[in-house]
Amino acid sequence: MLTVEGLAAGYGQSQVLAGVALSVGAGEVVTLLGRNGMGKTTTVRAIMGLLPAVGGQLLGGRIAFEGTDLAGQPSHRVAQRGIGLVPEGRQVFPTLTVEENLTATAAARGTARWTLAAVYALFPRLQERRRNMGAQLSGGEQQMLAIGRALMTNPRLLILDEATEGLAPLIRAEIWAVLARLKAEGLAILLIDKNLGAVMRLADRHVVMEKGRVAWAGSGEALAAAPELRETYLHL
């Protein structure tokens with residue numbers, strides 16, 4: 001579904017990404033792993049067409065989704081192609097209600113699997129809080145809302161940047177259970193998260209980044225069998 005080749009990007013005079021390559025197949029869960037500052041979020045921003053909005057620029061490379069070239073496309077065009085984003089920091093609309101957040105960017109694509117009723121069934125807490133403003137929610141509720149909002153675009157690929165960062169253990173467990181359910185339903189997922197144990201249980205393949213490059217890529221079994229690799233690239 002998603003193919004990234006030779007991706008180069010930066011901010012101002014600083015180049016952050018140099019030749020990044022990755023792919024996500026239909027129904028596959030792939031992770032982007034690495035320490036802070038290694039280029040994971042910049043990679044996501046480049047895929048989503050968000051670099052200009054944050055002072056960055058795409059310097060080169062190919063980004064294709066289902067055969068369509070996305071490199072240089074604005075973010076709304078990327079979303080229209082069927083890629084949903086759960087951004088780092090959640091970024092829910094603070095002065096809109098939960099229900100308004102969910103419907104603001106909703107799109108009925110294909111069979112329109114994701115409706116308000118479906119999102120509320122996935123996250124019952126959101127239905128309980130549907131009249132509350134985004135700013136009135138806890139961090140965990142905001143993350144549920146951010147995931148629900150992305151699903152309401154009925155994406156074929158879901159990208160999550162820091163899926164469970166800063167959340168309480170019970171909320172993290174609920175998010176991981178939801179992601180496992182989405183995987184079981186066949187949704188393709190590209191995931192960034194620091195919870196190595198959880199991502200290794202969920203993902204099919206991993207891409208490890210170091211200083212803007214892909215340092216290693218392989219299966220979950222291969223990563224589990226390489227403690228020295230995890231020590232070198234993933235542990236603080």
Side-chain angles (χ1 to χ4, degrees), residues 1-88 150 153 155-163 183 187-194 196 199-200 202-223 226 228-230 232-234:
M1 296 186 78
L2 177 70
T3 302
V4 176
E5 298 173 337
L7 185 62
Y11 303 93
Q13 299 300 310
S14 300
Q15 184 169 346
V16 176
L17 304 180
V20 171
L22 62 93
S23 65
V24 182
E28 191 175 34
V29 177
V30 176
T31 68
L32 272 180
L33 302 176
R35 298 185 180 93
N36 290 341
M38 294 298 106
K40 304 185 300 296
T41 292
T42 300
T43 299
V44 167
R45 288 172 174 169
I47 293 169
M48 294 301 303
L50 291 168
L51 279 176
V54 292
Q57 55 186 323
L58 185 64
L59 302 175
R62 177 174 179 262
I63 304 169
F65 182 66
E66 296 183 328
T68 299
D69 187 5
L70 297 183
Q73 292 292 313
S75 57
H76 69 280
R77 295 293 185 197
V78 175
Q80 287 170 356
R81 288 292 178 184
I83 304 180
L85 174 66
V86 181
E88 183 180 22
T153 69
R156 294 184 297 282
L157 170 65
L158 182 65
I159 300 178
L160 300 100
D161 191 352
E162 299 295 357
K183 177 184 179 180
L187 183 62
I189 299 173
L190 178 62
L191 171 68
I192 296 173
D193 199 86
K194 296 182 179 69
L196 189 57
V199 300
M200 288 177 67
L202 178 70
D204 301 293
R205 292 188 297 111
H206 307 279
V207 177
V208 177
M209 297 190 65
E210 174 78 4
K211 296 181 180 178
R213 299 178 184 272
V214 174
W216 182 90
S219 67
E221 292 82 1
L223 183 60
E228 70 287 350
L229 186 149
R230 301 196 302 274
T232 300
Y233 295 114
L234 302 178

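Heavy atoms only: backbone and side chains are in, while hydrogens, waters and symmetry mates are out.
Although no hydrogens or angles enter the test, the distance criterion places a donor-acceptor pair under 3.5 Å between the side chain of Q57 and the main chain of G12.
The closest side-chain heavy-atom distance from L33 to W216 is not below 4.5 Å. Counting only heavy atoms from C-beta outward, the side chains of V30 and I189 never approach each other to under 4.5 Å. Looking at V207 and V20, their side chains never come closer than 4.5 Å, going by heavy atoms from C-beta outward. You'll find the side chain of S219 stays beyond 4.5 Å of the side chain of H206, heavy atoms only. Considering only heavy atoms from C-beta on, I47 comes within 4.5 Å of L190 through its side chain. Residues M209 and R35 are not in side-chain contact: their nearest non-hydrogen atoms beyond the backbone lie 4.5 Å or more apart. Contact annotation: the side chain of R213 never approaches that of M38 to less than 4.5 Å [non-hydrogen atoms, C-beta and beyond].
Evaluation of the salt bridge (Lys or Arg N to Asp or Glu O under 4.0 Å) rule for E88 yields no partner, not counting sequence neighbours. Every salt bridge (Lys or Arg N to Asp or Glu O under 4.0 Å) that K194 has, sequence neighbours left out, goes to E162, E165. Residues satisfying the salt bridge (Lys or Arg N to Asp or Glu O under 4.0 Å) test with D69, not counting sequence neighbours, are none.
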Exercise. Are T42 and Y11 close enough, and set up right, to give a side chain to side chain contact (heavy atoms under 4.5 Å, CB included), and what steps lead you there?
Worked result: CA-CA 9 Å; T42 300; Y11 303 93; 2.9 Å; yes

Problem set entry | L58 vs L7, side chain to side chain contact (heavy atoms under 4.5 Å, CB included): CA-CA, chis, key distance, verdict | CA-CA 8 Å; L58 185 64; L7 185 62; 3.3 Å; yes

For this session: Before giving the answer on side chain to side chain contact (heavy atoms under 4.5 Å, CB included), spell out for R81 and T68 the whole-Å C-alpha distance, their side-chain angles and the decisive distance to 0.1 Å.
Result: CA-CA 9 Å; R81 288 292 178 184; T68 299; 3.7 Å; yes

For this session: I would like to know whether L158 and I83 meet side chain to side chain contact (heavy atoms under 4.5 Å, CB included); could you show each step before the answer?
Result: CA-CA 6 Å; L158 182 65; I83 304 180; over 6 Å; no

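Within the model, atoms OG1 of T43 and CG of L22 stand 7.0 Å from one another, a figure rounded to the nearest 0.5 Å. Note that CG of L234 is 9.5 Å distant from CD of E210, once rounded to the nearest 0.5 Å.
The two residues A21 and V214 come nearest to each other via the heavy atoms O-CG2, 3.5 Å. Nearest heavy atom pair, residue G34 against residue K40, reads O-NZ, 2.9 Å. The shortest non-hydrogen separation linking L191 to A163 is CD1-CB, 3.5 Å. Scanning all heavy atoms of the two residues, the minimum distance from G27 to A188 falls at N-CB, 3.8 Å. For the residue pair P155 and G84, the shortest heavy atom distance occurs at CB-N, 3.5 Å. In this structure, Q15 and A8 approach most closely via the heavy-atom pair NE2-CB, 3.8 Å.
Each of T31, V199, L202, L32 was checked for a side chain to side chain contact (heavy atoms under 4.5 Å, CB included) with D193, and the lone residue meeting it is V199. No option in V44, I192, V86 other than V86 meets the side chain to side chain contact (heavy atoms under 4.5 Å, CB included) test with L160.
Salt bridge status for E28 with K183: absent, with no side-chain N to carboxylate O gap under 4.0 Å.
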